[in-house]
Amino acid sequence: MTSESTSANKFANTSALENISSAAAKKAEGLDENVQNLRNRQNKFAENLHGDDVSKTGIRALFSKNKEAQKAAVSKYLKHWDGLTDKEAEEKRLADYNESTHSYYNVVTDFYEYGWGTSFHFSRYYPGENFQQATARHEHYLAHQAGIENGDLVLDVGCGVGGPAREIARFTNCNIIGLNNNDYQIKKANHYAAKFGLDAQMRFVKGDFMNMDFEDNTFDKVYAIEATCHAPELKGVYSEIFRVLKPNGVFAVYEWVMTDKYDENNEAHRKIAYDIEVGDGIPKMFSREVAAKALIDSGFEILKEEDLAKADDPIPWYYPLTGDWKYMQSISDIGTFFRTSFVGRFITTNFLRVLEKVGVAPPGSVDVANSLESAAVGLVAGGKEGLFTPMMLYVCRKPAN
Ligand SMILES: CC(C)=CCC[C@@H](C)[C@H]1CC[C@H]2C3=C(CC[C@]12C)[C@@]1(C)CC[C@H](O)C[C@@H]1CC3
Ligand SMILES: C[S@@+](CC[C@H](N)C(=O)[O-])C[C@H]1O[C@@H](n2cnc3c(N)ncnc32)[C@H](O)[C@@H]1O
């Protein structure tokens with residue numbers, strides 16, 4: 001492709017992206033008053049908590065939070081997590097999914113960037129490949145499975161701070177709308193897109209994936225990476241994806257599910273699922289069977305269903321959280337591996353404990369670090385025992401009629 005055709009293409013893309021995001025904003029204006037109030041409140045809260053400057057990342061960003069707002073965000077998130085797994089406790093968490101997830105990402109985003117980077121997902125790891133290469137390859141693989149091509153209009157459901165969107169846009173030259181419920185992450189994603197010169201190819205917008213603001217039949221392809229597990233009900237989010245996808249369009253997802261080995265009535269199994277829920281901001285972990293049924297009930301034809309964690313890879317997907325140095329593939333991964341390992345996490349938590357005491361780190365930082373510790377413990381246990389996978393790949397088509 002010539003540079004002229006690239007820039008002409010980019011011009012056309014920008015206007016398509018502009019049209020869709022402004023149509024979505026218009027639709028949002030007509031939303032139920034309660035939903036509008038919730039959105040305004042969340043936006044104001046995020047601005048107050050994080051301030052205007054989203055260029056700082058990681059621990060440095062953590063130190064510039066509004067302390068009162070941070071305290072409120074942590075308690076908003078933790079209020080439903082009391083160790084209970086009975087029906088009533090679960091119902092409360094499911095009903096509050098929107099606020100609860102918003103609060104979760106308000107308090108963990110800086111930790112994620114500090115420990116993991118800007119792509120918030122696990123990957124398969126191959127011998128000789130470093131962490132960033134593995135992350136990018138895992139994203140390319142999904143784009144390939146979805147059949148994303150040059151010029152396609154693509155929706156990224158639950159886009160985080162846009163790490164995968166930037167990689168997939170570079171890889172395929174497609175145009176992406178990233179949908180996200182968290183205002184801080186949306187600002188960051190738009191900031192990074194501009195910083196890396198990709199803003200003509202992508203827009204990140206506010207919305208709830210259970211009730212999207214896009215018109216029917218808008219997107220050529222849709223993908224979701226480790227995001228739809230935050231839904232209170234999978235059929236709700238899949239049906240919305242089905243609605244906004246063009247007929248014959250493809251949806252590809254890396255879903256978080258409990259595997260067929262998981263027994264909800266086994267206390268040890270339920271403890272692992274609970275650790276994953278509390279530490280990862282998930283109201284309820286669903287099983288593989290529930291996910292597949294929800295896709296079919298939403299109208300999709302499943303083209304491919306594969307648990308990539310079952311591929312018998314020599315390096316397990318959860319290795320960065322284990323502290324098992326033998327799996328590290330490159331010297332360039334030392335920093336990341338140390339921060340994600342048990343020892344690195346222990347040091348981070350205790351460093352924050354001191355800084356929180358002397359008023360440098362915002363209140364609640366240690367509670368957040370402890371929650372993330374539960375996540376790490378639950379994820380590794382779930383992975384080792386084969387009870388959980390973060391990479392259940394589904395490739396689905398919306399039938400032509
Ligand atoms: C929540 C969902 C659906 C997906 C996120 C997957 C992963 C990117 C995160 C799951 C647990 C997270 C932890 C960290 C980074 C991001 C995760 C791996 C830390 C390593 C960040 C730095 C902290 O000090 C420790 C965290 C442990 C858990
Ligand atoms: C683990 S992160 C994954 C982000 C991104 N896919 C990536 O791989 O970097 C999950 C994302 O889903 C978003 N999310 C959770 N619930 C949502 C909802 N109801 N509507 C829209 N986005 C949501 C979160 O804000 C977060 O950005």
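Along the sequence shown, residues carry numbers from 1.
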Enumerate donor-acceptor pairs with a distance under 3.5 Å from any side-chain N or O in residues 189-198 to protein atoms, sequence neighbours excluded.
from, atom 1, to, atom 2, distance (Å)
N190, OD1, F204, N, 3.2
N190, ND2, I186, O, 3.4
N190, ND2, F204, O, 3.1
Y192, OH, E113, OE1, 2.5

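- Counting all heavy atoms, side chain and backbone alike, R339 lies closest to R345 at O-CG, 3.6 Å.
- Salt-bridge annotation for E385 and K261: absent, with no side-chain N of the basic residue lying under 4.0 Å from a carboxylate O of the acidic one.
- Without hydrogens or angle criteria, K304 side chain to Y394 main chain gives no donor-acceptor distance under 3.5 Å.
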Verdict with reasoning, E306 to L308, per side-chain contact (heavy atoms from CB on, under 4.5 Å):
CA-CA 6 Å; E306 186 185 359; L308 302 181; 3.7 Å; yes

Determine, step by step, whether F111 and L372 satisfy the side-chain contact (heavy atoms from CB on, under 4.5 Å) criterion, reporting the C-alpha distance in whole Å, the side-chain angles of both residues, the deciding distance to 0.1 Å, and the verdict.
CA-CA 9 Å; F111 280 86; L372 288 173; 3.6 Å; yes

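- The closest side-chain donor-acceptor pair between Y114 and T348 falls under 3.5 angstrom.
- For D307 (side chain) and M392 (main-chain N/O), no donor-acceptor pair under 3.5 Å exists by modelled atom type.
- Among the candidates K27, K206, R39, the single residue satisfying the salt bridge (charged side-chain N to carboxylate O under 4.0 Å, His left out) test with D213 is R39.
- Counting only distance, with no hydrogens or angles, the side chain of D86 and the backbone of A89 share a donor-acceptor pair below 3.5 Å.
- Proximity of the aromatic rings of W256 and F286 is defined here by a centroid distance below 6.0 angstrom, and this criterion is not met.
- Screening N48, N106, D110 for a side chain to side chain donor-acceptor pair (under 3.5 Å) involving K65 leaves a single residue, D110.
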side-chain contact (heavy atoms from CB on, under 4.5 Å), that's the test. Do N175 and V154 meet it? Break it down for me.
CA-CA 6 Å; N175 313 295; V154 178; over 6 Å; no

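- Look at K26 and E215 and you find no salt bridge, because none of the NZ, NE, NH1 or NH2 atoms lies under 4.0 Å from a carboxylate O.
- Of the possible donor and acceptor atoms, none in the side chain of Q201 sits under 3.5 Å from a partner among the backbone N and O of I176.
- Under the 4.0 Å criterion applied to side-chain N and carboxylate O atoms, R93 and E88 are not assigned as salt-bridge partners.
- Ring geometry, F214 versus F219: the interplanar angle exceeds 60°, so the pair is classed perpendicular (tilted spans 30 to 60°).
- A ring-centre distance under 6.0 Å is found for H138 and Y254.
- Q145 and Y141 share a donor-acceptor pair across their side chains, judged by distance under 3.5 Å alone.
- When each of Y105, F120, Y97 is checked for a ring pair (Phe, Tyr, Trp, His ring centres under 6.0 Å) with H230, only Y105 meets the rule.
- For the side chain to side chain donor-acceptor pair (under 3.5 Å) test with Q42, the passing option among D183, N37, N98 is N98; the others fail.
- Here the shortest heavy-atom pairing between A376 and L321 reads CA-CD1, 4.1 Å.
- In terms of modelled atom types and a separation under 3.5 Å, the side chain of N350 and the main chain of F346 share a donor-acceptor contact.
- T118 and R166 are linked by a side-chain donor-acceptor pair at a separation below 3.5 angstrom, with hydrogens and angles left out of the test.
- Y327 has its ring centre no less than 6.0 Å from the ring centre of F337.
- At a threshold of 4.0 Å, the pair D96-K92 does not count as salt-bridged, since none of the basic side-chain nitrogens sits closer than that to a carboxylate oxygen.
- Between H121 and Y112, a ring centre-to-centre spacing not shorter than 6.0 Å is recorded.
- When every heavy atom of S123 is checked against every heavy atom of T135, the shortest pair comes out as OG-CA, 3.4 Å.
- Between the T340 side chain and the P320 main chain, a donor and an acceptor come within less than 3.5 Å of each other.
- You'll find the ring centres of Y238 and F300 outside the 6.0 Å limit.
- Checking W116, Y319, Y318 one by one against F122, the ring pair (Phe, Tyr, Trp, His ring centres under 6.0 Å) holds for a single residue, W116.
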Could you walk me through whether D156 and Y223 pass the side-chain hydrogen bond (donor to acceptor under 3.5 Å, both in side chains) check?
CA-CA 5 Å; D156 178 337; Y223 70 87; 2.7 Å; yes

Begin from the C-alpha positions of E139 and S119 and carry the test side-chain contact (heavy atoms from CB on, under 4.5 Å) through to its verdict.
CA-CA 9 Å; E139 292 161 359; S119 285; 2.7 Å; yes

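- Side-chain atoms of D333 come within 3.5 Å of backbone N or O of F131 as a donor-acceptor pair.
- Checked by atom type and distance alone, the side chain of H269 pairs as donor or acceptor with a backbone atom of D263 at under 3.5 Å.
- In plain terms, the two heavy atoms of Y77 and G279 that are nearest each other are OH-N, 4.4 Å.
- Ionic pairing of R243 and E240 is present here: one or more N-O contacts between side-chain nitrogen and carboxylate oxygen are shorter than 4.0 angstrom.
- Exactly one residue among K293, K310, R288 makes a salt bridge (charged side-chain N to carboxylate O under 4.0 Å, His left out) with E305. That residue is R288.
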Kindly indicate, with the supporting measurements, whether the criterion ring pair (Phe, Tyr, Trp, His ring centres under 6.0 Å) is fulfilled by W317 and F388.
CA-CA 11 Å; W317 60 264; F388 162 81; 5.8 Å; yes

Apply salt bridge (charged side-chain N to carboxylate O under 4.0 Å, His left out) to the pair K71 and E356, showing each step before the final yes or no.
CA-CA 11 Å; K71 209 164 149 186; E356 193 178 321; over 6 Å; no

Evaluate R270 against E277 for salt bridge (charged side-chain N to carboxylate O under 4.0 Å, His left out), listing each step before the verdict.
CA-CA 10 Å; R270 187 64 191 95; E277 291 165 356; 3.2 Å; yes

